[in-house]
Participant: 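Structure in structure tokens, see below.
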Amino acid sequence: MATRYDRAITVFSPDGHLFQVEYAQEAVKKGSTAVGIRGKDIVVLGVEKKSVAKLQEERTVRKICALDEHVCMYIFFNLFMFVQPFDISRVECQSHRLTVEDPVTVEYITRYIATLKQRYTQSNGRRPFGISALIVGFDDDGTPRLYQTDPSGTYHAWKANAIGRSAKTVREFLEKNYTDEAIAGDNETIKLAIKALLEVVQSGGKNIELAVIRRNQPLKILEAKEIETLVAEIEKEKEEEAEKKKQKKST
Amino acid sequence: MALASVLNSDCANFSFDNCQPLGFGCGPGQSGLGFDATPGDGLSFSVKNHQSSEDDDVERKIEFLHGTTTLAFKFQHGVIVAVDSRATAGSYIASQTVKKVIEINPYLLGTMAGGAADCSFWERLLARQCRIYELRNKERISVAAASKLLANMVYQYKGMGLSMGTMVCGWDKRGPGLYYVDSEGNRVCGDLFAVGSGSMYAYGVIDSGLRQDLTVEEACELGRRAIYQATYRDAYSGGQVNLYHVHSDGWTRVSQEDVLMLHQQYKGQA
């Protein structure tokens, strides 16, 4: 039955679904996991990196990009529509600076991208962007923000969120572990992001890519070495935790 | 009134088109249009300082025209806006009670110099845009953005005869804001502006009395005095002095005083 109503984006099904949009959301669920966490003075985006072929240069496929000095976006996509939203958003960030003489707020640029996506769900001859985006950054007044958009054009603010293949597992982990202590400092927030990803990513630190924005500082992508160090610290902490538990049990 | 055109001189320029509205000040020379088609002119006449002053453009970047005196200046407690209220049609005083301050919204003011219709139309359009911005972004628009919107709107009509020289004044999260915007496309941020045929006289008074540490009353009196002095010497300014004060909670209408009363008052003081 679904097949009769899913040929065109502009057709509702009898029970109120827009199947094309839902299929786009399914497409999004198939990709690599990404996690975004909003700390107090830092926002962190962590992405599961697919292992690259031996001869391929690592850095050519970039899914995390800076939109402006204080905002960056991770686009989760499975198909080949990624360059346009980045570019359009970057242009909009600069146009906003020109007309309003202020940098964009994270909410503004998210709303802009979401409106763009929504337009593609309501016109003829186009299909929705098969894209979910995590947008992080700081507003002018220093508030950290994390937003997520989905192919239907809606957007929500989150304290911490995950999208992609094992999003559900990661989100459950975050719901348990996102506490005020966990985000008390920059390092802790980064470690929380790594821990969340380690739940679902095989083979540890090598397959994690991390980007952080600190207040009033530009986007920084962490080097592989730094990630390794942090992963090692996390492993150590885990061991110490396990030791303590053992000791408690035995005494 | 018969059609008469007096070209290229420092006196009033008559150009009578049927059904043209009254204004207090007319725009800069319609250099591209010629006198047959002068949509910008009307029953609105002014002292034209430099009509075909293409060569002078390098020196005088901001052209002050328009038979009026409006001024605004920033001080420690916000912005003072003072205007006169006379509209002239040549040497005929058409009205002594014109409102030359447009209340764009409770925290933004715009002054009028130039064509009355142009100023009030575009500033009302600006009010609409500001409101839409506020609803979409859930915060007030900044003075910089509001003046930019206005400047961009009129720039599209550059050369088509619009006549507008306005100051956008307000208070936003950066503090007091004051911008001069005109139909030539100028948009300048500053601490003090006076626009109109009486602006030179007003500048003289303000420049000698302006300090950053003025109290609100002193600043109001300074603005009032400056407009009064301008109306005293400039034939195209007069009527009443309308005074507004913009502060962190928005603008307040401070006073409206007839210049004749002010004249008596100052004479009595001296």
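Hydrogens, waters and symmetry mates are skipped; everything else that's a heavy atom, side chains included, is used. Every value quoted in this text rests on a predicted model; they were computed, and no experiment measured them. Here is how names work: the chains are called A, B, and so on, in the same order as the sequence lines, proteins then strands, and each is numbered from 1.
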Participant: With chain B, which of A:Asp102, A:Thr105, A:Asp141 has the greatest number of heavy-atom pairs at distances under 4.5 Å?
Facilitator: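 Top count of heavy-atom pairs under 4.5 Å with chain B: A:Asp102.
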Participant: Please look at B:Asn137 and chain A and tell me whether the side chain, the backbone, both or neither of the residue comes under 4.5 angstrom of a heavy atom of that chain.
Facilitator: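 Both parts, backbone and side chain.
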Participant: Measure distances from B:Arg174 to the heavy atoms of chain A and classify the residue's part below 4.5 Å as side chain, backbone, both or neither.
Facilitator: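 For B:Arg174, the contact with chain A is made by the side chain alone.
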Participant: Indicate the ring-plane relationship of B:Trp251 and B:Tyr244, choosing parallel, tilted or perpendicular according to the 30° and 60° boundaries.
Facilitator: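 B:Trp251 vs B:Tyr244 ring planes: perpendicular.
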Participant: From the options A:Asp150, A:Val21, A:Ile131, A:Thr154, select the one residue that forms a side chain to side chain contact (heavy atoms under 4.5 Å, CB included) with A:Lys117.
Facilitator: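 Going through the options one by one, the only one that passes is A:Ile131.
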Participant: Does the ring centre of B:Trp122 sit less than 6.0 Å away from the ring centre of B:Tyr157?
Facilitator: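 They qualify: ring centres under 6.0 Å apart.
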Participant: Quick one: pull up CD1 in A:Ile37 and CG in A:Leu174 and give me the separation to the nearest 0.5 Å.
Facilitator: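 Nearest 0.5 Å value for the CD1-CG distance: 5.0 Å.
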